[in-house]
There are 2 protein chains.
Amino acid sequence: MQMRYAPSRDHGGAMAMNDKTPPDENADQAAGGEANPPTLKTIAFMTGLGVTTVSRALKDAPEIGAATRQRVQLVARQIGYRPNRAGVRLRTGKTNVISLVLDTEEQVGGFVSDLIYGISEALAQTPYHLVVTPYSRNNDPLEPVRYVVETASADGVIISRTEPDDKRVRYMTERGMPFATHGRTHMGIDHAFHDFDNHAYSIEAVKKLAALGRKRLALLAPPSNLSYYHHMRDGFADALMEHGLSEVPFPMATVDHSIEDIRKQTVELMRRPNRPDAFVSGAGAGTFALVAGIEEAGFRIGQDVDIVSKQSSKLLHLLRPQLYVVNEDVRLAGAELARAVLGRIAGRDIGALQSLSKPKAVEAYETPGSGKDDTT
Amino acid sequence: MQMRYAPSRDHGGAMAMNDKTPPDENADQAAGGEANPPTLKTIAFMTGLGVTTVSRALKDAPEIGAATRQRVQLVARQIGYRPNRAGVRLRTGKTNVISLVLDTEEQVGGFVSDLIYGISEALAQTPYHLVVTPYSRNNDPLEPVRYVVETASADGVIISRTEPDDKRVRYMTERGMPFATHGRTHMGIDHAFHDFDNHAYSIEAVKKLAALGRKRLALLAPPSNLSYYHHMRDGFADALMEHGLSEVPFPMATVDHSIEDIRKQTVELMRRPNRPDAFVSGAGAGTFALVAGIEEAGFRIGQDVDIVSKQSSKLLHLLRPQLYVVNEDVRLAGAELARAVLGRIAGRDIGALQSLSKPKAVEAYETPGSGKDDTT
DNA sequence: TGCAAGAACTGTAACGTTTCACATTGTGCC
DNA sequence: GGCACAATGTGAAACGTTACAGTTCTTGCA
């Protein structure tokens, strides 16, 4: 698949061998050596054009003749030309990078993996790279964002752990940095986001528990500074009201607490006289702790207590088949978030870049072997 | 914290206002406007030096006077100078990027999150960014690596899912790309790695099961193409021999299979006449499936069957307290891997960049509340 | 025929950095 | 006094790209 350096097409006008200098020592005709990666200059030399023309031709600029354009693009493809990221970035400021800002204390459960995979998938067919920018929950969450903005080290940012009044959102909006949030805000700023509908989730969860005849419900909620705390809590409260159920407050535990803490708090809660007879849980890992605490206090899931839990992995039914679960597709969330930032970067309308993922129905355990068993 | 542009220190020789042009419109003395980020030129202008001198002074080059060096560094610090990554990269080829190459079908369990957090932590105090380069298990694992090498888009690479004869290792070694592997190889190539000692792990696991009086053990192993399959299997076999136990083959399930598949296979295995009375499991998520399968077949953990399992999260004891676990610190692995690549990039000796993490002792469930209870 | 206008292409400069080869001192030594 | 030589600093060029301001043709039209 060898391209000749001075094509003899008698097609465009002056095609005489010109004096353009070949890029460095590439002149030794592809002698099987360690050829440096081709640049615009390489293509310019091969086609006999100027680098400006080549640059333009590759991005379909209108002032380049159709024949030339095709010729350049053909050559570029043949020799596997890839624009040098540093060159582009230096000249234009465009980094082709999306920064995912992550809290490194994030709870277990594959949440982060799935998010990253989802984003990666969406970015795969684009020139964008994904860089992970971590921060510790103890530090200012604004700091990593400020870093990215100040150093202009990404074209777009994805953040999670969104708060109702989120300074990162305000900051990036002010600075004009495209971004998308995992979770919504309530601060009068319109921005791209993807969110799981936790309001609907807790309504469904309560409905399920009501149908099971449960009366006194506790909520294992997110930390109260996060937006989805409010969504989940509001849905919970609304549904309690609607079904005439009461809440057993459980303020000492959130999904951010350690497994150990949640377990302890649950034991304590269950030993109270007015213990709950059901839980709605905001996170899979937390549910592990809930179950442990409940059983340690001497009660049984599905009998004394029912639990509806969100989960992003599929492990809960293996923990206790009696659990009711709602699956949250975090991988999808990642893909949506990527789509959203890319949209913002491309200048698309914010309205089109906001999505809410409705929870599926509450699932009970489906006894295995009920499907077709293929062997023996 | 305002720096004057023409400092009046009568210290170094000629300090007269020179003709060097101020960088773009920064000349309007920090008028509260959107000042562009400072560059070498900015510092050169402020100090009255040439950009070459400034560049040298900042990297402690020997041909710069101590006084000048300090002066430059002071100014740089004051105005918050950060080298422009694109500039450096274009000029030197150095990207200040570490690429983590990940299989996006990776099993659940927070493995990836922890790895990333570990790496991030180690990278935090360096100029390095972490970019995640995904690939699908269906595609050629060499492809993402080739991409990184060909486009020189990172200074170093971390790979996992290492095979005994790993073409990625060969490729990167040939191309001189610094890298570290999560897992060892056996191909006569010396390279940086971090690994968990799975050989020791399965020996400990078998020992534990032997002590419990178990006789017929099955192994939920990694897929046989991966290096640690052999380590784990060899340790398993050695220990069986030593303790005079026998193996019940369990070849139809590996830790890479879906939860569902493992569960099914386990049920089938347990219904055989010569069912195992114990398992050694290579992964936490797999153990969930094992437990489900065992119980579905009508047996009880801790009674009819014992299991020793590796885990990276801390959930197994909440699943069944009767399980025996060995914790694998993946976050540590991440940090070690980062240290290792950085070491390779710095040209350090390979020998110093190989580490093996010994398993801790096999842990039984510690009944909660046995420690100090602080409330009530 | 002359000329304006368009089409097609080009060179130069710039982004911020480092490297190279060179310039300007002052200093020690004979 | 002259000279070599450190010590210290310097401008220019280059990395690969794109934007700007031309330049060279061809073509249409008065």
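Lettering follows sequence order; numbering is per chain, from 1.
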Among [options], the nucleotide that comes nearest once only the side chain of [X] is considered:
{"X": "A:N84", "options": "D:dC20, D:dT10, D:dT17", "result": "D:dT17"}
{"X": "B:V88", "options": "C:dT17, D:dA19, D:dC15", "result": "C:dT17"}
{"X": "B:T53", "options": "C:dT17, D:dT18, D:dG9", "result": "D:dG9"}
{"X": "B:T68", "options": "D:dG9, C:dA13, D:dT10", "result": "D:dG9"}
{"X": "A:R56", "options": "D:dT17, C:dG16, D:dC20", "result": "D:dC20"}
{"X": "A:L49", "options": "D:dT18, C:dT17, C:dT10", "result": "C:dT10"}
{"X": "A:K59", "options": "C:dT10, D:dT10, D:dT18", "result": "D:dT18"}

Exercise. Got a salt bridge between A:E336 and A:R339, using NZ or NE/NH1/NH2 to carboxylate O under 4.0 Å?
Worked result: yes
For this session: Classify the side-chain pair B:T104/B:S136 by whether it contains a donor and acceptor separated by less than 3.5 Å.
Result: no
Exercise. Going by atom types only, do B:T185 and B:D166 share a side-chain donor-acceptor pair under 3.5 Å?
Worked result: no
What is the separation between atom [atom1] on [X] and atom [atom2] on [N], rounded to the nearest whole Å?
{"X": "A:N36", "N": "D:dG16", "atom1": "CG", "atom2": "P", "answer": "8 Å"}
{"X": "B:R82", "N": "C:dG16", "atom1": "CZ", "atom2": "P", "answer": "16 Å"}
{"X": "A:R91", "N": "C:dT12", "atom1": "CZ", "atom2": "P", "answer": "16 Å"}
{"X": "A:R85", "N": "C:dT17", "atom1": "CZ", "atom2": "P", "answer": "20 Å"}

For this session: Apply ring pair (Phe, Tyr, Trp, His ring centres under 6.0 Å) to B:H182 and B:F193, showing your working.
Result: CA-CA 6 Å; B:H182 190 205; B:F193 68 79; over 10 Å; no
Seminar exercise, completed: Of A:I64 and B:S55, the one whose nearest nucleotide on DNA chain C sits closer to the 5' end is A:I64
Exercise. Reckon B:T52 touches a base, only the sugar-phosphate, or nothing at all at heavy-atom distances under 4.0 Å?
Worked result: base
Problem set entry | Ring geometry between B:Y147 and A:H129 (parallel below 30°, tilted from 30 to 60°, perpendicular above 60°) | perpendicular
Exercise. Closest nucleotide of DNA chain D for B:V54 versus for B:L90: which of these residues is on the 5' side?
Worked result: B:V54
